[in-house]
Each structure stands twice: as C-alpha cells, then as structure tokens.
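Labels below follow one simple rule: chain letters A, B, ... track the order of the sequence lines, proteins then strands, and each chain is numbered from 1. Values below: all heavy atoms of this structure, side chains included; hydrogens, waters and symmetry mates excluded.
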Amino acid sequence: MKQNLEIIKIGVFLMAICVIASLALALTNKTTAPLIAEQKRVAQEQAIKDVLPGAAKFDEKNLPDGSKLFIGKNSEGKMIGKATKSVRKGYSGPISIMVGVDPEYKTTGIMILEMTETPGLGAKTKDPMFTSQFKGKTADQLYLKAKDAKIGEIDAITAATISSKAVTAGVREAVEAMKNAK
Amino acid sequence: MLNELTKGIFKENPLLRLILGTCPSLAVTSSLQNGLGMGIAMTFVLLCSNILVSLTRNIVPGKVRIPVFIVIIATFVTITDLSMAAFVPDLHKSLGIFIPLIVVNCIILGRAEAFASKNGPVASALDAIGMGIGYTLALSFIGSIRETLGNGTILGTSLFGPAYQPFLMFILPAGAFLTIGLMIGVMNWMENRKS
C-alpha cells in the first residue's frame with residue numbers, strides 16, 4: 001500500500017512538471033509564432049528581390065502543382081518578371097532554389113535557399129561563381145555542358161556533378177513551370 | 001569555489017577529458033564559426049538548466065530525477081530556439097541547426113546529474129560556465145584546425161591564396177575523427193607527463 005502511494009505521488013509530481021513545461025512552451029510559442037512568420041516572409045521577399053532585380057512589389061498566384069508564383073512589378077506597375085521556388089533532390093538531400101525569369105522566360109537570377117550538400121564540393125553550387133552562369137538563359141540552355149541529357153551551357157563543378165545537375169534541373173523545371181502557367 | 005569554474009577548462013574538459021558530447025562535436029566543427037556558435041549556444045542552455053536543476057534538487061524525487069532533468073533541458077532548448085528565431089533571426093539562421101542538437105548533448109544531462117543535483121545554485125552556475133568555456137574552446141580549436149586545413153580559410157577569409165589546394169578530407173567526417181582523436185591523445189600525453 002505504501003509503495004502504491006509513492007508511485008502515485010511520483011506520477012503526480014511528473015505530471016505537474018510536464019504541465020509547467022507545457023505552459024512555458026505554449027506561452028513562448030504564442031508570443032514568438034507571429035514574429036517568426038513575419039521573419040520568414042521578409043526572408044522570402046528578399047530572395048525574390050535578389051533573383052528579380054528591379055522588382056518593387058509582387059503579386060502572388062498559386063500554380064496548379066501547389067507551389068507559389070510571384071509576379072514582380074517595377075515601381076510603375078509594369079510586369080518585369082516572375083519568380084518561383086523549386087525543390088530538387090541533390091546528392092545528400094533536397095535543394096530548394098528561388099528562380100527568377102524576365103517576360104521572355106530568360107533567367108534573371110537564382111538563389112539557393114536551402115541545401116545539405118557536401119561542404120567544399122556540392123555546397124559550392126551556392127557560390128556566385130556557379131550561380132552567376134544562370135543569368136539570361138532559356139530553358140533549352142539549362143543543361144550541363146557535358147554529362148547531361150542534352151548539351152547545355154552550364155559548367156558543372158568539378159567532383160560535384162550530381163549537385164550541379166540537380167541545381168540545373170531544378171532551375172530548368174522552375175522556368176518551364178512558369179512558362180506553362182501563363 | 002574558483003576550482004568549480006576552472007576545472008572544466010583543462011583538467012575536466014568535457015570534450016577532451018570526459019569525452020562527452022562527441023557526437024555534436026564531430027558534426028559541427030567543420031569551421032571555426034560553427035564551433036564557436038555551438039559552444040556559446042550550449043553554454044547558455046547548460047547555465048540555465050544547471051541553475052534550475054540545482055534549485056529544485058531537494059523537491060525532485062530521486063527516482064524520477066532523470067526524466068525531470070530531460071523535461072527541463074528540452075523546455076529550455078525549445079524556448080531558446082523559438083526566442084532566437086523571433087528576436088535575433090540572423091544569429092538564429094547561422095546557429096539554427098545546432099540548437100536542436102543541444103538536446104542530445106549529453107554534457108548537459110551529465111552536469112545536471114553529476115554536479116547540479118548535488119550542489120548549490122552558485123557552484124552549479126560556476127560549473128556550467130567553466131564547462132561551457134572548456135567546451136567552446138575545444139570546439140573552436142578543432143574548428144580552426146579543420147577549416148584551415150580543409151578549406152584554406154579562417155572565419156571565411158582565405159589564408160593561403162587561390163593556389164592552395166585544401167585537404168578536403170578535413171572538413172568531411174573523417175577529418176573530425178582524426179582531429180578529435182589526435183587532440184585527445186595530446187591531452188592524455190600532457191596529463192601523463194605531469195604525473
């Protein structure tokens with residue numbers, strides 16, 4: 001009997017600790033959630049501005065596959081390009097890329113948002129040395145110069161063909177998705 | 001009292017003498033910035049959890065102390081994670097992946113069990129700061145070695161110019177095992193020589 005009582009006492013104690021911890025977490029979440037959502041929105045807007053130089057504001061549209069299309073307009077309200085996010089499997093995980101195009105569907109810029117590629121090899125795909133090649137390309141040119149299904153105009157990174165291929169394909173898919181959405 | 005602060009830096013360095021927390025250490029020390037960031041975030045959580053565990057040491061029943069420690073540590077880590085994301089987003093972005101890793105860092109549970117649950121809050125706070133400094137120093141040192149050799153940079157600045165061909169292995173997992181192993185060896189050798 002005495003032992004049972006002790007088990008109940010310990011159980012109630014643990015429950016109390018967990019209730020306090022949950023309250024603290026709920027309170028923290030409630031205060032920080034709107035702030036975090038705002039930070040995410042600002043970061044996304046910054047990424048769109050980086051890939052669509054000159055855009056002052058954006059209209060959001062949903063693409064049929066569920067992803068979002070951002071239509072960038074300059075300060076006079078003229079459409080200067082579109083941007084969308086594409087996710088493609090890389091060497092060690094998904095690579096998500098923000099891609100911008102001008103009204104002729106030539107790329108204006110790309111930005112790698114998230115990736116887990118090997119440091120020193122695949123991770124170099126986010127360096128300007130690699131990403132700057134994507135400026136002014138049409139979907140047909142968005143293949144690697146060698147080792148790809150078609151001959152394109154992108155130089156792969158030495159010893160990181162899989163990552164280079166994944167980024168190139170991701171950009172190409174994004175451009176095609178935006179083209180098909182018009 | 002001063003001993004509680006200094007013991008963690010060399011004599012009982014959590015990573016190189018107690019061999020605790022090696023898993024996150026292997027993963028994050030690919031650069032000096034990462035090592036430093038992980039060390040500082042870990043020190044903050046260790047300090048909070050050590051103080052709280054020490055303050056509650058007389059009311060927590062001995063049989064369930066470990067689950068209670070884990071709840072306390074996990075709560076602090078989550079609060080730290082969410083608050084940093086909301087108020088210092090830039091810092092959170094560079095440290096983001098390490099903060100959830102702190103939960104699995106056994107140094108924190110180890111200090112709660114071995115020290116804070118038996119000592120007063122002031123001694124526990126000093127213990128946490130000392131252990132935190134020791135861990136941060138070890139991580140930073142390993143991070144600098146790996147970044148210098150494996151990438152030719154320190155804090156992102158190039159050291160040897162573009163002609164330098166980096167030992168890529170050092171920023172990959174094998175380099176982490178080699179560097180930490182050699183450092184533990186050096187620490188043991190110094191300790192043996194003293195005695």
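- At a 4.5 Å heavy-atom cutoff, B:Ile72 makes no contact with chain A through either its backbone or its side chain.
- Here the straight-line distance linking atom CD1 of A:Ile17 with atom OG1 of B:Thr56 works out to 6.5 Å at 0.5 Å rounding.
- Contacts between B:Ser83 and chain A at a heavy-atom distance below 4.5 Å involve backbone atoms as well as side-chain atoms.
- With values rounded to the nearest 0.5 angstrom, B:Leu82 atom CG is found 6.5 Å from A:Thr28 atom OG1.
- In A:Lys106, the NZ atom is not crowded: 12 or fewer heavy atoms of neighbouring residues, nucleotides or ligands sit closer than 6.0 Å.
- Heavy-atom neighbours of B:Phe177 CZ from other residues, nucleotides or ligands within 6.0 Å: at or below the threshold of 12.
- Residue-environment remark: CZ (B:Phe44) stays at or below the threshold of 12 foreign heavy atoms within 6.0 Å.
- Contact detail for A:Leu35 and B:Phe87: the closest heavy-atom pair is CD1-CE2, 3.6 Å.
- Ranked by heavy-atom pairs shorter than 4.5 Å toward chain A, the options B:Ile171, B:Leu172, B:Asn151 are led by B:Ile171.
- Remark: B:Phe76 CZ to A:Leu25 CG distance equals 10.5 Å, nearest 0.5 Å.
- Nearest approach of A:Gln39 to B:Ala85, heavy atoms of both residues: CG-O, 3.8 Å.
- Among the candidates B:Thr75, B:Val68, B:Val71, the single residue satisfying the side-chain contact (heavy atoms from CB on, under 4.5 Å) test with A:Cys18 is B:Val71.
- Connection of B:Ile19 to B:Leu178 is established within a shared hydrophobic cluster, with ILVMFWY side chains joined at heavy-atom distances below 4.5 Å, either directly or through further cluster members.
- In this structure, A:Met79 places its CE atom where more than 12 heavy-atom neighbours from other residues, nucleotides or ligands lie under 6.0 Å away.
- Residue A:Ile151 qualifies as open at atom CD1: its count of foreign heavy atoms under 6.0 Å is 12 or below.
- Note that the CE atom of B:Met84 and the OG1 atom of A:Thr32 stand 13.0 Å from one another [nearest 0.5 Å].
- For A:Glu114, the CD atom sits in a loose shell: 12 or fewer heavy atoms of surrounding residues, nucleotides or ligands are nearer than 6.0 Å.
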